[in-house]
*Asks:* 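Before anything else, here's the structure in question.
This structure is a prediction, so every number in the text was calculated from the model and none was measured. Throughout, protein chains are lettered first and strands after them, A, B, ... in sequence-line order, and every chain is numbered starting at 1. Computed from heavy atoms alone, side chains included, the values below leave out hydrogens, waters and symmetry copies.
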There are 2 protein chains.
Amino acid sequence: MDTPRWLNDEEIALWKRLQAISEILPATVDAQLRADVELTRYEYYVLAMLSEAPERRLPMSTLALVTNGSLSRLSHAARRLEQEGWIVRERVPTDRRAMIATLTEAGFAKIVDAAPGHVERVREVLFDHLDPDQVAALNAALAPVLAALLPELGDPAECPGSC
Amino acid sequence: MDTPRWLNDEEIALWKRLQAISEILPATVDAQLRADVELTRYEYYVLAMLSEAPERRLPMSTLALVTNGSLSRLSHAARRLEQEGWIVRERVPTDRRAMIATLTEAGFAKIVDAAPGHVERVREVLFDHLDPDQVAALNAALAPVLAALLPELGDPAECPGSC
DNA sequence: GATAAATAGTTGAACTCGCAAGTATTGAAG
DNA sequence: CTTCAATACTTGCGAGTTCAACTATTTATC
């Protein structure tokens with residue numbers, strides 16, 4: 001093994017910042033969702049993605065992609081969400097390996113109910129401390145990072161039914 | 001409850017990017033460490049912080065702070081690390097509630113062995129795709145976010161024995 | 001058209017982590 | 001000097017995630 005390409009000071013600082021953010025941000029949001037609406041952050045995200053999808057339904061594979069989760073993680077989460085009655089899973093007739101997850105009416109009501117508290121916490125922990133210029137700067141600075149992490153998806157916000 | 005203060009498009013984009021990064025970055029690093037050196041990312045971070053501390057030792061409380069983890073999480077991790085022989089925990093004579101964690105020689109050798117592969121993966125997933133200007137821009141843009149998340153600590157990179 | 005390989009998804013076991021509760025010690029108040 | 005609260009951890013349990021293994025179906029290959 002060759003001599004390692006160590007990080008310089010700027011890189012170390014950035015890496016530590018990213019680690020801290022990745023640790024604290026999700027934990028904060030999780031705590032609010034669990035306490036207030038008994039949902040995991042991941043479960044919330046699954047419901048949110050379904051609620052924005054056409055017909056409020058997506059194949060499991062696609063759902064795993066847009067939620068940045070493994071298929072296994074999604075499958076476990078889907079079982080819980082189905083037990084609670086927030087979604088249903090059905091086989092696709094044209095490809096009988098595939099499953100389509102559909103948000104139920106109750107599930108839609110659930111996320112409509114959960115969203116305000118969630119957004120409020122996100123504001124408290126993040127946006128209340130940032131002015132619009134800082135938000136724009138962050139968006140610009142983070143774009144190349146995501147391009148590196150998700151080689152295929154240029155923008156995580158874009159993901160119509162086709163992906 | 002008043003009408004929620006919804007996020008605008010820029011804020012939504014930023015929030016999704018931060019979520020994606022917080023999901024993917026730690027998972028990628030975790031996978032490398034588990035596969036190559038049988039360490040959790042958190043365990044690695046604990047060893048790393050100890051290796052940089054004066055005398056390679058820190059009280060558990062301080063260690064929990066600098067690793068951005070709860071005391072419970074650290075306690076669980078410390079038990080595993082102690083069982084493997086990478087650290088030892090000893091009571092402090094002056095305050096017999098406190099425990100000091102010390103990196104053993106084997107533990108120091110362990111992180112010296114683990115570091116190159118870890119850094120290499122960090123490079124692959126992040127810094128190989130960013131030029132120095134982008135790194136600087138990210139550092140600048142992320143600073144206010146961390147200031148919001150960690151009201152007390154201005155800079156996560158700074159944390160001498162005093163904190 | 002049979003066989004192999006790839007795709008879609010599920011499941012069980014192992015492991016980590018958060019929470020609540022518990023122990024031990026120190027500091028503060030009366 | 002006793003009591004009560006705060007500090008510094010530890011531990012058991014439960015919940016979520018990952019990994020490997022498995023089933024089922026579809027596509028590709030010979």
*Asks:* Nearest-Å distance, CZ (A:R80) to P (D:dG14)?
*Replies:*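 Distance check: A:R80 CZ to D:dG14 P gives 17 Å.
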
*Asks:* In whole angstrom, give the distance that lies between atom CZ of B:R34 and atom C1' of C:dT16.
*Replies:*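 Nearest whole value for this atom pair: 7 Å.
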
*Asks:* Give a yes or no on whether a donor-acceptor pair under 3.5 Å exists between the nucleobase atoms of D:dC19, that is its base, and the side chain of A:S72.
*Replies:*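 Looking at the base of D:dC19, it does pair with a donor or acceptor on the side chain of A:S72 (distance under 3.5 Å).
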
*Asks:* C:dA8, D:dT10, D:dA6: which one has an atom nearest the side-chain heavy atoms of B:M60?
*Replies:*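 The answer is D:dT10, which lies nearest to the side chain.
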
*Asks:* Just checking B:D9: does its CG atom have more than 12 heavy atoms from other residues, nucleotides or ligands closer to it than 6.0 angstrom?
*Replies:*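 Result for CG/B:D9: open.
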
*Asks:* Check every strand shown and say whether A:T40 touches a base, only sugar-phosphate, or nothing at a heavy-atom separation below 4.0 Å.
*Replies:*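 Result for A:T40 = sugar-phosphate.
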
*Asks:* Mind running side chain to side chain contact (heavy atoms under 4.5 Å, CB included) on A:L39 and A:K110 for me, showing each step along the way?
*Replies:* CA-CA 10 Å; A:L39 283 177; A:K110 177 70 177 176; 4.1 Å; yes

*Asks:* When all nucleic acid strands are considered with a 4.0 Å heavy-atom cut-off, which category describes B:R79: base, sugar-phosphate, or nothing?
*Replies:*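 The residue B:R79 makes no contact with any strand.
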
*Asks:* Assign A:R89 to base, sugar-phosphate, or nothing according to its heavy-atom contacts below 4.0 angstrom with the strands shown.
*Replies:*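 Answer is sugar-phosphate: A:R89 comes under 4.0 Å of backbone atoms only.
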
*Asks:* Kindly compute the distance separating OG (A:S51) from CD1 (A:I111), expressed to the nearest 0.5 Å.
*Replies:*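 With rounding to 0.5 Å, OG (A:S51) is 5.0 Å from CD1 (A:I111).
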
*Asks:* What's the OH-C1' distance between A:Y42 and C:dC17, to the nearest Å?
*Replies:*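 Taking OH of A:Y42 and C1' of C:dC17, I get 19 Å after rounding.
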
*Asks:* Counting heavy atoms from C-beta on, name the nucleotide in D:dT10, D:dG16, C:dG18 closest to the side chain of B:S70.
*Replies:*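 Comparing D:dT10, D:dG16, C:dG18 against the side chain of B:S70, the answer is C:dG18.
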
*Asks:* Tell me yes or no: between the side chains of B:H76 and B:R73, is some donor less than 3.5 Å from an acceptor?
*Replies:*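 No - no donor-acceptor pair under 3.5 Å links their side chains.
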
*Asks:* Run A:M99 and A:V92 through side chain to side chain contact (heavy atoms under 4.5 Å, CB included) and show every step you take.
*Replies:* CA-CA 6 Å; A:M99 293 282 261; A:V92 179; 6.0 Å; no

*Asks:* Looking at D:dT18, C:dC17, D:dA8, which one has an atom nearest to any side-chain atom of B:S61?
*Replies:*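 Selected nucleotide: D:dA8.
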
*Asks:* What is the distance, to the nearest angstrom, from the CD atom on A:Q83 to the P atom on D:dG16?
*Replies:*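 Rounding to the nearest Å, CD of A:Q83 and P of D:dG16 are 11 Å apart.
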
*Asks:* Given atom CZ of B:R73 and atom P of D:dG12, what is their separation to the nearest angstrom?
*Replies:*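 Rounded to the whole Å, the gap is 20 Å.
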
*Asks:* Need one value for B:D30: base, sugar-phosphate or nothing, where a base atom within 4.0 Å counts as base even if backbone is also close, heavy atoms only.
*Replies:*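 Answer is nothing: B:D30 stays at 4.0 Å or more from every strand.
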
*Asks:* With hydrogens left out and only the distance checked, is there a donor-acceptor pair under 3.5 Å joining A:H76's side chain and the base of C:dT10?
*Replies:*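 Donor-acceptor pair under 3.5 Å: no.
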
*Asks:* Given atom CG of A:D95 and atom P of D:dT27, what is their separation to the nearest angstrom?
*Replies:*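 To the nearest whole Å, that distance equals 6 Å.
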
*Asks:* Where each residue is assigned the nucleotide of DNA chain C containing its nearest heavy atom, which of A:P59 and A:E23 is assigned the position nearer the 5′ end?
*Replies:*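 It is A:P59, whose closest nucleotide lies nearer the 5' terminus.
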
*Asks:* Looking only at side chains, do B:Q19 and A:N68 share a donor and an acceptor under 3.5 Å apart?
*Replies:*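 On atom types as modelled, these side chains do not qualify, holding no pair under 3.5 Å.
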
*Asks:* Between D:dT17, D:dG16, D:dT7, which one does the side chain of A:E43 approach most closely?
*Replies:*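 Closest nucleotide among those given: D:dG16.
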
*Asks:* Judged by each residue's nearest nucleotide on DNA chain D, which is more toward the 5′ side, A:G69 or A:R91?
*Replies:*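 Final value for this comparison: A:G69.
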
*Asks:* Over how many whole Å does the gap from A:R96 atom CZ to D:dT27 atom P extend?
*Replies:*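 Nearest whole value for this atom pair: 13 Å.
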
*Asks:* Name the closest nucleotide to the B:R97 side chain, picking from D:dT7, C:dT10, C:dT7.
*Replies:*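 The listed nucleotide nearest to B:R97's side chain is D:dT7.
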
*Asks:* If I take atom CG in residue A:L71 and atom C1' in nucleotide D:dT23, what distance separates them, rounded to the nearest angstrom?
*Replies:*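 Taking CG of A:L71 and C1' of D:dT23, I get 14 Å after rounding.
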
